There are 2 protein chains.
Amino acid sequence: MAHKPRSQMIAETRGKLLSAGRRAFGTVGYAEASMDDFTAEAGLTRGALYHHFGDKKGLFAAVVSQIDAEVTVRLAEITERAGGGWRGFVESCAAYIEMAIEPEIQRIIHCDGPAVLGESWMTTSQSGCLACLVDDLERLKADGVVGDIDPEAAARLINGASLHAAQWIANSDDPEATSKKAVAAFRALLEGLRVRAAERVGETVN
Amino acid sequence: MAHKPRSQMIAETRGKLLSAGRRAFGTVGYAEASMDDFTAEAGLTRGALYHHFGDKKGLFAAVVSQIDAEVTVRLAEITERAGGGWRGFVESCAAYIEMAIEPEIQRIIHCDGPAVLGESWMTTSQSGCLACLVDDLERLKADGVVGDIDPEAAARLINGASLHAAQWIANSDDPEATSKKAVAAFRALLEGLRVRAAERVGETVN
DNA sequence: CCACTCACATACGTGGCGTATGTCAATCAC
DNA sequence: GTGATTGACATACGCCACGTATGTGAGTGG
């Protein structure tokens with residue numbers, strides 16, 4: 001029994017490296033994270049890292065993917081729980097802002113991510129969150145809730161607005177109050193996407 | 001005559017370092033820009049850089065400030081030329097997107113900036129562009145054109161949306177078409193800020 | 001004219017990344 | 001079961017880039 005099967009050991013080391021790197025990247029940032037330090041912290045050396053991830057950027061990319069996947073899941077849950085529709089969409093957007101406030105996401109995804117992987121990575125590569133937004137918007141458009149706008153374009157604009165709102169909130173003196181203001185303005189902006197009240201049939205404004 | 005006055009020499013040196021650094025940061029990015037390389041390119045050494053700017057980040061910050069100031073001026077011109085009002089505001093927003101597409105601005109301000117200086121720097125520190133937007137919005141709000149939303153909140157959301165739109169456009173296969181879609185969606189979002197047509201008196205929709 | 005300041009260059013130490021090489025355990029052939 | 005092979009990981013090395021400490025020579029004040 002002394003040793004577990006090979007594949008399991010490998011998965012464990014990958015996991016250890018991933019979480020150690022994630023913690024380092026999320027706290028001190030990519031540039032300040034020493035590979036020697038955080039691999040040692042995981043009981044390993046840089047050798048393991050280079051074997052599994054190629055280089056520092058490779059590990060970073062893996063961390064980004066992991067976080068993105070987690071966020072995607074969380075967003076999907078929230079959208080579903082809110083029962084879809086316009087309200088569900090708005091709720092998921094608000095939740096997106098909330099998540100973007102978390103320091104780890106802030107630092108890794110929105111701060112270092114574009115600089116390290118190239119901003120094209122974040123845009124062209126499939127970001128799960130973005131795909132979520134696009135899906136929602138396409139449904140809403142098909143249902144006639146939102147007007148004739150390109151779903152991806154709207155999703156990206158919403159995405160950008162959310163992220164900026166998040167970092168504004170995160171760095172403000174009174175996050176509570178700032179958040180209220182940001183969400184209010186955000187809801188107002190989103191209203192611009194809906195078909196006008198005059199053009200609609202008999203829907204409640206809220 | 002052999003030599004110019006001291007102060008002028010200093011200003012020249014600072015300028016040379018600033019533009020050399022700006023070019024390097026704008027093309028290869030902050031991390032890949034070697035101080036030895038681009039100072040030599042300016043006919044100087046790292047010694048001069050450390051003397052004037054403290055360190056690499058110091059020069060970078062100076063470059064960011066310079067670009068921000070330029071953008072602010074350009075934005076102000078556009079806003080004024082459009083004659084203010086809602087239309088002027090929308091035009092300046094569109095121009096903001098256009099400027100954010102420029103590779104130098106994209107790379108230095110939106111990509112490396114937050115990672116190098118900390119994203120708090122970009123938010124808390126006075127960004128000239130942002131101040132412009134806030135001013136415009138405050139006027140529009142006072143004139144009853146936009147609804148009861150916090151100007152700064154709206155400005156930050158618009159800012160974020162613009163930047164993301166810009167990098168989406170810049171990295172798309174067909175920037176022309178992408179730009180059209182983005183601007184259309186952007187205008188729709190902005191409409192959300194205006195007081196509703198039903199609530200207004202007798203204004204043209206456009 | 002002399003002492004001093006200051007703008008900049010030169011020289012050095014350090015740390016972190018990437019690569020080349022080594023080693024030992026797990027799997028496979030027979 | 002034993003030898004060969006693969007592959008996961010560690011060790012050792014070189015390099016590059018940053019930051020600092022020190023030097024130097026041209027302006028500047030008295």
Side-chain angles (χ1 to χ4, degrees), chain A residues 1-64 108 112 115-118, chain B residues 1-64 108 112 115-118:
Chain A
M1 63 130 250
H3 292 283
K4 306 167 185 173
R6 182 88 140 184
S7 58
Q8 187 174 342
M9 296 292 293
I10 296 172
E12 273 182 23
T13 35
R14 264 189 68 98
K16 277 194 249 179
L17 289 172
L18 212 54
S19 66
R22 178 168 171 167
R23 188 162 353 120
F25 293 147
T27 50
V28 297
Y30 180 83
E32 295 304 311
S34 162
M35 297 168 70
D36 280 316
D37 288 354
F38 69 74
T39 51
E41 183 186 334
L44 296 161
T45 69
R46 280 195 352 257
L49 192 152
Y50 278 101
H51 184 76
H52 285 291
F53 299 98
D55 60 352
K56 195 182 184 183
K57 278 168 72 169
L59 174 64
F60 185 77
V63 170
V64 168
I108 297 178
D112 287 338
V116 174
L117 303 174
Chain B
M1 64 131 250
H3 294 280
K4 308 168 185 172
R6 183 90 140 181
S7 58
Q8 186 174 344
M9 296 292 293
I10 296 172
E12 273 182 22
T13 307
R14 268 189 65 100
K16 277 194 248 178
L17 289 172
L18 211 55
S19 66
R22 178 169 173 168
R23 190 163 350 120
F25 293 148
T27 51
V28 298
Y30 180 82
E32 295 303 312
S34 163
M35 297 167 70
D36 280 314
D37 288 356
F38 68 73
T39 51
E41 185 186 332
L44 297 161
T45 69
R46 281 194 351 257
L49 192 152
Y50 280 100
H51 183 77
H52 285 289
F53 298 97
D55 60 352
K56 195 181 182 182
K57 278 168 72 170
L59 174 63
F60 185 78
V63 170
V64 168
I108 296 178
D112 287 337
V116 174
L117 304 173

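Because the structure is a prediction, the values reported are computed rather than measured.
- At whole-Å resolution of the value, CE in M9(B) and P in dG27(D) are 8 Å apart.
- Of all heavy-atom pairs between D112(A) and G29(A), the closest is OD2-CA, 3.4 Å.
- Distance, K56(A) NZ to dG15(C) P: 15 Å, rounded to whole Å.
- Sorted by first and then second residue, the salt bridge (Lys or Arg N to Asp or Glu O under 4.0 Å) pairs with a member in residues 50-62 of chain B form an empty list; sequence neighbours excluded.
- Taking the side-chain hydrogen bond (donor to acceptor under 3.5 Å, both in side chains) definition, one finds that R22(A) meets it with Q66(A), E70(A), E104(A), sequence neighbours left out.
- Taking all atoms of both residues into account, the shortest heavy-atom contact from R46(B) to T39(B) is N-OG1, 3.7 Å.
- Of the residues in residues 44-55 of chain B, those lying under 4.0 Å from DNA chain C by heavy-atom distance are L44(B), T45(B), R46(B), G47(B), A48(B), H51(B), H52(B).
- Contacts classified as ring-ring contact (aromatic ring centres under 6.0 Å, His included) and involving residues 36-56 of chain B (residues at least two apart or in different chains) are given here: F25(B)-F38(B).
- Residues from residues 17-38 of chain B that place a heavy atom under 4.0 Å from any atom of DNA chain D, listed by number: A33(B), S34(B), M35(B).
- For the OP1/OP2 pair of dC9(D) and a distance below 4.0 Å, the side-chain nitrogens and oxygens of T13(A) include at least one atom meeting the criterion.
- Shown here are the salt bridge (Lys or Arg N to Asp or Glu O under 4.0 Å) partners of D37(B), two or more places apart in sequence or in another chain: there are none.
- The two residues R23(B) and T27(B) have their closest heavy-atom pair at O-OG1, 2.8 Å.
- Atom-to-atom, NZ of K16(A) to C1' of dA10(D) comes out at 14 Å; the value is rounded to the nearest Å.
- Smallest separation of non-hydrogen atoms from L59(A) and L49(A): CD2-CD1, 3.5 Å.
- The distance between atom CD1 of I10(B) and atom C1' of dC8(C), rounded to the nearest whole Å, is 10 Å.
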